[in-house]
Amino acid sequence: MNNPKEKIHEPLFHIVKRSKDALPLWKSWLIRAIAIVFSLLVCSVIIVLLTNQNPLEVFGALLKGSFGSERKFWNMLQNLAMLLCISLAITPAFKMKFWNLGAEGQVLIGSLCSMVLMFTVGDKIPNLVLILAMLAASILGGIIWGLIPAVFKAKWNTNESLFTLMMNYIAIQLVSFAIMVWVPSGSSVMGLVNSSTKAGWIPDIFGQKYLFNIIVVAALTVFMFVYLKSSKHGYEISVVGESENTAKYIGINVKKVIIRTMILSGAICGLAGFLLVAGTNHTISKDLAGGNGFTAIMVSWLAKFNPFVMVITSFLIAFLQRGAGEIATNFNLNTSIADILTGIIIFFIIGSEFFINYQIKTKAKKEDK
Amino acid sequence: MEAPAIELRNISKSFGYITANKNINLTVNKGEILSLLGENGSGKTTLMNMISGIYYPDAGQIFIDGKEVVIKTPKDAFDYRIGMIHQHFKLVDIFSAAENIVLGLRNEKFNIKQSTAQIKKISEQYGFDIDPSKKIYEMSVSEKQTVEIIKVLYRGADILILDEPTAVLTPQETEKLFAVLRRMKEDGKSIIIITHKLHEVLSISDKVAVLRKGEYIGTVNTAETNESELTEMMVGKKISLNIDRSEPVDPQDRLVINKLNCINSDGLKVLDNVSFTAKSGEILGVAGIAGSGQKELLEAIAGLQKLESGEIIYNNPKTNSSDNLRDKTPLQIRELGVRLSFVPEDRLGMGLVGNMDIVDNMMLRSYKKGKSVFLERKKPRTLAEKVVSDLEVSTPGIETPVRRLSGGNVQKVLVGREIAAAPTVLMAAYPVRGLDINSSYLIYNLLNEQKEKGVAVIFVGEDLDVLIELCDKIVVMSSGSVSGIVDARTSTKEEIGFLMTKKAEGGNSNE
């Protein structure tokens, strides 16, 4: 209608946010599937170029990492459970838009609390009492590590991302210090603790070492789903996360909700620390959490904070991690190549979310209108 | 005769079905100050945004120095030596004044010394008082504004547009700004200033152009006009809306507001000795230019705004007791048994949660009820269904997130919920803003229903025709203080318009 004097230079394409409900569910899953196919293609090119291996064999190894044997399958489930557990821990905080980047440290402190008891009084009290005491200590440790930044945020509005991040380093140093004290040889590696008495070790269930952890995390998943969706606390978390102004308007005590939610978040991280020490590793190192405190953020976001979907996303990550390790050993490759491959796959999966939320309109298409 | 510095011919712009500007004509000569006058939503800022390249007009022409130009981007505007000083400053807090001023300039090398000298030169020329090395976050509002003005002068602007520059200034600072503007005028610059304050219009400008509801009413020479003529041009003749209004039945003092004072985070006095009484069975209107303290007043009553002094007395009809609501949280107010409903101005940012569905939004007020740790969604669901059918909310379903609804439907959900709480006091801030005619009348009827039930309704509005026909009494606010309380049945638009733009008399009234 309007005739600008100069011809307006139009870009070749522009990006438009998809209108509400425009994309049917099957289409969004199709986009995700296409993304995975593309990622595998790119991976194949990389594999051929860098290692000269047959890509199909490499992908086979990727599968074998999780499904190659019963033991590998259980290992994958254990990894999944621990990653999921930490993801569940950070989810209420993230839903509240409290960026808890300190899960790593909260888990480590939880582990350290368990280990202190296991190491010092392991042989002196009955096993059941010991395990319960370890559980309580771990949860308490996680709570303290989560509570400190929460109180500072609520009272003085400090930046929680930096605060929680720094708390990680304190936790790492504390663990290093403890190992230095406990291991007289000066080695930074601590062997299995109480390997003869198995004091503080969670017993096998049905002969399965990891089943206990898996059951606990499964129960936790259901709990978190119900907590977020159907409890008054969960409702308050959603309101505070969506709009602090609305929360104040209806009389929610925002400070209280922040502190309460971080207590929960820290407690579950502490529990994860307990499961790592008592359930699987029976030792401690500063890498015990293995970066899961950060990977958990991705798991949680990808699942849009839905605990049940998080089972799928954490499976995906655990599967890729196991597969990557398998590739590295089978083909005598550096672990870096495996990391490159998982990186590519995750990149494509996350990138596909862009195409689900946005639409690319080309110039030609626009003129049709 | 020399061609005017800037001339607009038949400029029109609409957003969707809302016409923001319709056939606007304006002329500003060199060395002239033009005031642009109009109520909220009359299209002043839209018009100025088109001159400064933020919007592009749907139709019409712009001439600079007699030549037709196309202004598509803010950069084009700069190239034509047009500079706009926005109401909300666009400065980087951690940078110094000088750094902010040179920010984004591509055609010169970054040389802060040279720039500082240049800034000093401009300051001396026009009488600015500024330290170029001072960081923005250390500055007062008026200093920040100075930086914004120097920023456009530094870029060589000859046409300056100031969007409500005095809204954030004290009277002394305003005087200083006006002195600077006069000096610029002598220097041959053309200035367009948007303001609501009539006395300022008369003291600073050479010409006044008036807009009303997006339409161009006319331009008059300041020397040949007066406050009452300008008010009439601004508010227009009375339009009959045929809103029903019943006589209040047995009005009783429900909410007594006594000498409220409030200072905001910028240190400005936003409420200045505000006193009035809201009666049951009455609709009390609050009129005033946006930002005259209406928001702070309602939030203070709702327990969301800290006050320096004053009392908010609530007379409870059930217990016949009186409580002071000042400094109480919304929760404490509710626990006192005060049934206060509040439809805030920011519907999705405060009244509702955009990403939640209608059911969950209905729960906002009531979710805490009961001892269970779990939510009870049955009653909110019934309520949601009732609101959707009673108020004819058009929505795909009650499980649709409210942010997906249109503005009118969002408002119906919010008002529906607030009324469902069976309030004794109902406060509504701009409840019909952005709503179409039918939805607006539905809201008026709902407010009238509440009034007939004996609720004390406080209605903050911007359309004077509506206020006059809907309300029983109207409190007029100007710069944070009450400039008058009038009977809506006998008052005129001119009277209210005049009170709205009346100069604040300072804090020394002995009332």
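If you're wondering where the values come from, they're calculated on a predicted model, not measured in any experiment. First the proteins, then the strands, lettered A, B, ... as listed; each starts at 1.
Summarising the local packing, OH of A:Tyr169 is surrounded by 12 or fewer heavy atoms from other residues, nucleotides or ligands at distances under 6.0 Å. With a 6.0 Å radius and a threshold of 12 heavy atoms from other residues, nucleotides or ligands, A:Lys153 has its NZ atom above the threshold. Residue B:Phe374 places its CZ atom among 12 or fewer non-hydrogen atoms of other residues, nucleotides or ligands, all under 6.0 Å distant. For B:Lys295, the NZ atom sits in a loose shell: 12 or fewer heavy atoms of surrounding residues, nucleotides or ligands are nearer than 6.0 Å.
Here the straight-line distance linking atom CG of B:Leu352 with atom CD1 of A:Ile250 works out to 10.5 Å at 0.5 Å rounding.
Chain A forms more heavy-atom pairs under 4.5 Å with one residue of B:Met363, B:Arg365, B:Gln332 than with any other, namely B:Met363. Counting heavy-atom pairs closer than 4.5 Å to chain A, the top-ranked of the candidates B:Leu304, B:Leu375, B:Leu331 is B:Leu375.
Proximity to chain A (any heavy atom under 4.5 Å) is shown, for B:Leu364, by both the backbone and the side chain. Contacts of B:Lys328 with chain A are absent, with no heavy-atom separation under 4.5 Å from either backbone or side chain.
Close approach to chain B, defined as a heavy atom under 4.5 Å from one of its heavy atoms, is seen in A:Lys229, A:Ser230, A:Ser231, A:Lys232, A:Tyr235, A:Glu236, A:Ser238, A:Val239, A:Glu242, A:Ser243, A:Asn245 of residues 228-245 of chain A, taken by number. For a heavy-atom cut-off of 4.5 Å, chain B lies close to no residue in residues 295-309 of chain A.
Nearest heavy-atom pair, A:Gly251 versus B:Pro330, reported as atom, atom and distance to 0.1 Å: CA-CB, 3.9 Å. The heavy-atom pair separating B:Leu348 from A:Thr246 by the smallest distance is O-OG1, 4.4 Å.
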